[in-house]
Number of protein chains: 2
Amino acid sequence: MPLNRDRILNTAFTLLNQYGLADLSMRRLATELGVAPGALYYHVKNKQELLASLASRILNDVPFPAEQGEIDRIFADVYSHLIPVKEAAEVVRLALALDPHQLQFLDHLTTYLTHHTGSQQAPLAALTLVHVALGFIEQDQTRYLLGNSPPPTEAPLPYRQAIQAVFTGFLK
Amino acid sequence: MPLNRDRILNTAFTLLNQYGLADLSMRRLATELGVAPGALYYHVKNKQELLASLASRILNDVPFPAEQGEIDRIFADVYSHLIPVKEAAEVVRLALALDPHQLQFLDHLTTYLTHHTGSQQAPLAALTLVHVALGFIEQDQTRYLLGNSPPPTEAPLPYRQAIQAVFTGFLK
DNA sequence: ACCTGAACACCGTTCAAGT
DNA sequence: ACCTGAACACCGTTCAAGT
């Protein structure tokens, strides 16, 4: 089994899921793959680039409804896809900051909003909706990481109300 | 000059401002204060708690208009206060996740929204507005940290449009 | 081409011992 | 009460050398 980019990304995802971002170190990753730390740098530029790739993978896995879906449904899916992955929101935000256009989800959302609202503010609306979603998801994730409440599987009401309000705010 | 919590926080703020979050380490902080690393832990629980305190300080310094201000003005002030402080958005978000009620700015904003809109959704609206502001500020900060554009001192148009849209979205 | 070994320059945190 | 010295268990990244 040779070392390659895909095996590294898969193991990184498992590590993130199981132990969180703090334990996702290059050295830990190397150990898990049975390889010397330096070997990773033959397949990956550095840790930042690895995390950005990981984020694209996570977010692009969110199913995007072909036509008839409502934004409520879309962002409910975003929520339930990201919430079980530890610190997924932070990782996605990192990718968003580094290179927004690497996230095809954002492009999909933008064209969706353009078609369904006709507003030329669609790119701004898409970005704003993503910021709100990541903000709430991150807050919920850290809250249940501190052990104070169980992880919700469905998007909670405040989250959905916030998304809805932001959406209607851009309708005029 | 004895070591105390306030001196530590001041030096931490300077370090954050000058070199960014990556160089704000406990060891670096100790060196800057002319003290052994372990000494810090007599005045501060750990790094997380220090960063949370730092965030409260940064956000609570934003001037809050007594009565007649518009939200546009409030969030323009948030922008111009946070944008020059490197990684201020991340630090504030950390504090927000750990303990939202430690940030009195959020409470001020909530009562402001309650008075000016009468909506019982005010707490949710306040939180959403803060998420949006932090999201855009963080994006702008990293963009100019990568050297591609100069740091804006005034809140840019997209930011203000987004804030405005979110606000009106919560008006009904 | 791909990987190891070993090093470089760091981390956060703890804790006996000193004053 | 407050701080030092020293240790513990780690980091990300580079790079000569091996295959």
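The basis for the numbers below is simple: all heavy atoms, side chains too, and nothing from hydrogens, waters or symmetry mates. Because the structure is predicted, anything quoted here is derived from the model rather than measured.
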> So, A:Asp140 and A:Tyr159: side-chain donor and acceptor under 3.5 Å apart, yes or no?
Replying inline: no
>> Check for me whether the distance between the ring centres of A:His108 and A:Tyr112 falls short of 6.0 Å.
In response: no
>> Both distances below 3.5 Å, Watson-Crick or wobble geometry, any strand: find the nucleotide opposite C:dA1.
In response: D:dT19
> From the 5' end of DNA chain D to its 3' end, which nucleotides mark the outer limits of contact with chain B, defined by a 4.0 Å heavy-atom distance cut-off (strictly under)?
Replying inline: D:dA1 to D:dA7
> Taking for each residue the nucleotide of DNA chain C bearing the nearest heavy atom, is the 5' side occupied by B:Gly38 or by A:His43?
Replying inline: A:His43
>> For A:Asp23 and A:Ala39, find the nucleotide of DNA chain D closest to each by heavy atoms; which residue's nucleotide sits nearer the 5' end?
In response: A:Asp23
> Hey, mind stepping through A:Leu24 and A:Leu54 against side chain to side chain contact (heavy atoms under 4.5 Å, CB included) and telling me if it holds?
Replying inline: CA-CA 12 Å; A:Leu24 176 45; A:Leu54 198 57; 4.0 Å; yes
> Does any non-hydrogen side-chain atom of A:Met26 lie less than 4.5 Å from one of A:Tyr41?
Replying inline: yes
>> Give me the distance, rounded to whole Å, that separates D:dA9 from C:dA9 when you measure between the P atoms they each carry.
In response: 24 Å
> Is C:dT14 paired to anything, Watson-Crick or G-U wobble with both distances less than 3.5 Å, and if yes, which nucleotide?
Replying inline: D:dA6
> If each of B:Met26 and A:Val35 is mapped to the nucleotide of DNA chain C with the nearest heavy atom, which maps nearer the 5' terminus, i.e. the 5' end?
Replying inline: A:Val35
>> Using side-chain heavy atoms (C-beta onward) and a distance below 4.5 Å, is B:Ser119 in contact with B:Thr114?
In response: no
> Do the charged groups of B:Asp61 and B:Arg57 touch, with an N to O distance under 4.0 Å?
Replying inline: no
